[in-house]
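To start, the structure under review is shown below, and the notes come after it.
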Amino acid sequence: MVLEKINSPVDLKTLNISELETLAEEMRAYLLAVLSKHPGHFAPNFGTVELAIALHTVFDTPQDKLIWDIGHQAYPHKLLTGRLDSFDTLRQTDGISGFLSREESKYDVFGAGHSSTSISAALGIAAARDVNNDDFKVIAVIGDGGLTGGMALEGLNAAGDFRKDMLVILNDNQMSISPTIGAISKHFHKLISSRGYNRLRTSAKELISLFPSDAKALAQKIEASLKPGTLFEEFGFRYFGPLDGNDLESLIPILTGIRELTGPILVHVVTKKGKGYLPAEKDPVKFYSVSGQFDVKTGKSLRPTSATPKYTDVFSRTLIEEAKHDSRIIGVTAAMLGGTGLDKFSEVFPDRCFDIGLAEQCAVTFAAGLATEGLKPVVAIYSTFLQRGYDQVLHDVCIQNLPVVFALDRAGIVGADGPTHHGVFDIAYLRSIPNIVSMAPKDENELQHMLKTALTYEMGPIALRYPRGTGIGVKLETEPKPLPIGKAEICQEGDDLLIVALGNRVYPALEAAKTLSETGIETTVVNARFIKPLDVTLIVDLAKQIGNMITVEDGILMGGFGSAVLEALAAERITDVRVTSLGVPDRFIEHGDVNTLYDKYGYDAEAIIRAGVALAVGS
């Protein structure tokens with residue numbers, strides 16, 4: 001096998017086109033074998049196999065700096081850069097990352113888990129090269145989905161002005177997490193559906209054979225013959241394309257010629273989502289990322305079907321039902337229709353659902369605009385991605401006290417995607433902002449009540465956070481009912497210990513309380529429900545009565561829910577209550593199994609039991 005002989009990109013330099021094409025086939029077969037057993041990003045990586053081979057063949061990495069946007073398209077890059085033997089540990093505890101990591105490899109020049117950063121990072125690296133009088137090439141690879149993010153356009157604007165030598169590869173597969181939308185995407189579609197591009201796809205080899213061997217002359221000829229648009233030229237880039245990103249025989253000589261040019265260059269390549277695996281080619285949205293084992297022949301999941309609904313599904317169903325009775329409800333997301341459940345909402349209410357693209361800042365301010373006109377926008381975005389719209393939440397929504405609903409999916413530890421995707425910061429970054437209400441359900445039934453609460457709240461912005469995956473399995477009540485704002489719930493009572501738990505930590509707290517009771521420690525468990533406003537009266541009164549308290553949350557401790565409880569005690573000048581706060585420590589959490597991470601960082605049921613014994617025995 002050719003793949004087994006590739007220990008680094010240097011090994012690619014000795015291979016001919018036929019061998020490189022064989023390598024591409026073997027890489028796809030290996031990706032399929034691994035990803036059918038271990039979940040990961042699928043369709044985007046099948047499309048970038050030839051592109052990764054071509055880039056590492058033409059350029060001298062890691063001396064030349066290759067920056068991949070997001071990282072969900074960089075599995076082929078990992079296979080070519082010394083991680084073949086460890087690739088089957090992908091996204092597993094103590095295994096390699098599903099994204100790019102500077103700690104993992106010298107070939108991962110810039111860490112990436114969120115989109116649209118590659119062009120700005122590449123520009124910074126190119127500027128540093130010139131300041132340091134170094135000599136190397138800088139290449140950024142960004143998808144058409146990533147280009148819908150405002151930061152990518154900011155990077156293009158600055159790069160065109162600074163005129164640094166750098167190359168941007170636009171990997172156009174018409175997809176991010178959901179199919180790419182927006183005016184830029186429509187522009188790309190117009191280019192690749194043009195007669196000229198299709199003629200290029202069918203005769204690329206003949207075209208290359210007509211050009212002289214001199215690399216610069218080749219590049220100039222290509223540039224003259226392939227100039228279907230001026231969008232990037234207006235940014236100050238020399239534009240080449242669209243080119244077939246899955247055709248090694250034409251891609252390598254074209255990149256070789258372009259490598260010698262100076263100034264900002266953009267090469268537009270078109271790749272096939274899921275290329276080489278028919279189920280993924282037919283349904284690239286489904287195969288954007290696979291979440292469990294599947295049958296290689298059919299593409300069908302091998303995971304047993306759960307009768308317990310996912311939190312996302314409960315959110316989606318509840319929102320649809322509420323929207324049937326309230327025409328003001330509008331769905332807003334940022335390239336995550338499927339992931340947030342708004343795809344189903346958009347099927348029922350196509351005129352009341354808006355996908356902004358990978359542009360969270362725009363999504364938040366767009367929702368603020370909707371709210372000024374009396375509508376009820378529901379912004380459904382993963383917790384980790386709402387961080388990208390933080391200033392808009394503060395400046396455009398909260399300062400103006402607009403009734404925008406934020407539905408934060410994937411809140412808390414999310415597992416295999418790692419530090420860039422764990423939604424552990426939203427409690428802290430939202431509770432510090434005036435005017436906003438923030439809450440977290442203990443189970444899927446309470447989720448529907450909280451969504452109803454949010455949709456009926458008219459006093460300003462409100463947020464609810466809920467975890468990834470299936471719910472607890474509780475019965476769903478037929479009619480969601482609004483909850484009283486800022487009121488917690490006592491789940492059980494006891495005189496020896498108080499546990500104030502938030503969100504998905506309530507059931508582990510109840511489990512711990514049961515075990516503690518068997519040892520003679522009787523526990524009161526409070527479901528906080530609200531992070532802000534906190535039920536200060538209830539919590540303070542119970543804390544004074546019992547004297548021993550544990551707070552537990554699936555979020556960062558610094559500035560988080562536990563901090564809010566401690567601040568409440570301090571404000572009441574209570575100094576004789578012994579408090580232990582459990583949650584995420586002051587560090588970025590690695591990828592791995594969710595329950596393993598709960599155990600490692602000490603806020604699962606066992607950790608609550610240990611903390612409870614320590615407090616009760618020591619009192």
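Starting from 1, each residue takes its place in the sequence as its number.
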Inset, instruction - Would you check if Val579 and Leu566 make a side-chain contact, meaning some heavy-atom pair closer than 4.5 Å? - result: yes
Inset, instruction - Compare all side-chain heavy atoms of Phe315 with those of Asp409 and state whether any distance is below 4.5 angstrom. - result: no
Inset, instruction - Give a yes or no answer on whether the side chain of Asp535 reaches the backbone of Ala488 with a donor-acceptor pair at less than 3.5 Å. - result: yes
Inset, instruction - Look at Arg468 together with Asp417 and state whether they make a salt bridge at an N to O cut-off of under 4.0 Å. - result: yes
Inset, instruction - For the pair Asp108 and Arg83, find out whether any cationic side-chain nitrogen is under 4.0 Å from an anionic carboxylate oxygen. - result: yes
Legend entry - Ionic contact status for Lys78 with Glu104, cut-off 4.0 Å: yes
Legend entry - Whether Asp496 side chain and Glu522 backbone form a donor-acceptor pair below 3.5 Å: yes
Legend entry - Glu322 with Lys452: basic N within carboxylate O range, under 4.0 Å: yes
Inset, instruction - Fit a plane to each ring of His421 and His114, take the angle between them on a 0 to 90° scale, and name the class: parallel (under 30°), tilted (30 to 60°) or perpendicular (over 60°). - result: perpendicular
Inset, instruction - Could you give me the CA-CA distance, side-chain angles and deciding distance for Leu569 and Met549, then say whether side chain to side chain contact (heavy atoms under 4.5 Å, CB included) is met? - result: CA-CA 11 Å; Leu569 295 176; Met549 178 166 63; 3.5 Å; yes
Legend entry - Leu386 vs Leu408 side-chain heavy atoms within contact, under 4.5 Å: yes
Legend entry - Centroid-centroid under 6.0 Å between His422 and Phe588 rings: no
Inset, instruction - Answer whether the closest heavy-atom distance between the side chains of Lys442 and Asn504 falls below 4.5 Å. - result: no
Inset, instruction - Give a yes or no on this: more than 12 heavy atoms of other residues, nucleotides or ligands lie within 6.0 Å of atom CD of Glu518. - result: yes
Inset, instruction - Answer yes or no: is there a side-chain heavy-atom contact under 4.5 Å between Ile499 and Thr524? - result: no
Legend entry - Side-chain donor-acceptor pair present, Asn445, Glu477, cut-off under 3.5 Å: yes
Legend entry - Side-chain (Glu444) to main-chain (Gly473) donor-acceptor, under 3.5 angstrom: yes
Legend entry - Ion pair check, Asp426 and Arg465, cut-off under 4.0 Å: yes
Legend entry - Beyond-backbone contact of Ile485 with Pro533, side-chain heavy atoms, under 4.5 angstrom: yes
Inset, instruction - Tell me whether the centres of the aromatic rings in Phe87 and Tyr75 are closer together than 6.0 Å. - result: yes
Inset, instruction - Walk me through it: do Leu582 and Tyr601 pass the test side chain to side chain contact (heavy atoms under 4.5 Å, CB included)? - result: CA-CA 9 Å; Leu582 304 179; Tyr601 292 103; over 6 Å; no
Inset, instruction - Determine, for Lys600 against Glu590, whether the closest basic-nitrogen to carboxylate-oxygen distance falls under 4.0 angstrom. - result: yes
Legend entry - Cationic tip of Arg505 above Tyr598 ring, under 6.0 Å, 45° of axis: yes
Inset, instruction - Measure across Tyr382 and Gly339 and return the closest heavy-atom pair with its distance rounded to 0.1 Å. - result: OH-CA, 3.2 Å
Inset, instruction - Report the relative orientation of the aromatic rings in Tyr277 and Phe46; use parallel for angles under 30°, tilted for 30 to 60°, perpendicular for over 60°. - result: tilted
Inset, instruction - Taking Thr340 for its side chain and Ile381 for its backbone only, find out whether a donor-acceptor pair lies under 3.5 Å. - result: no
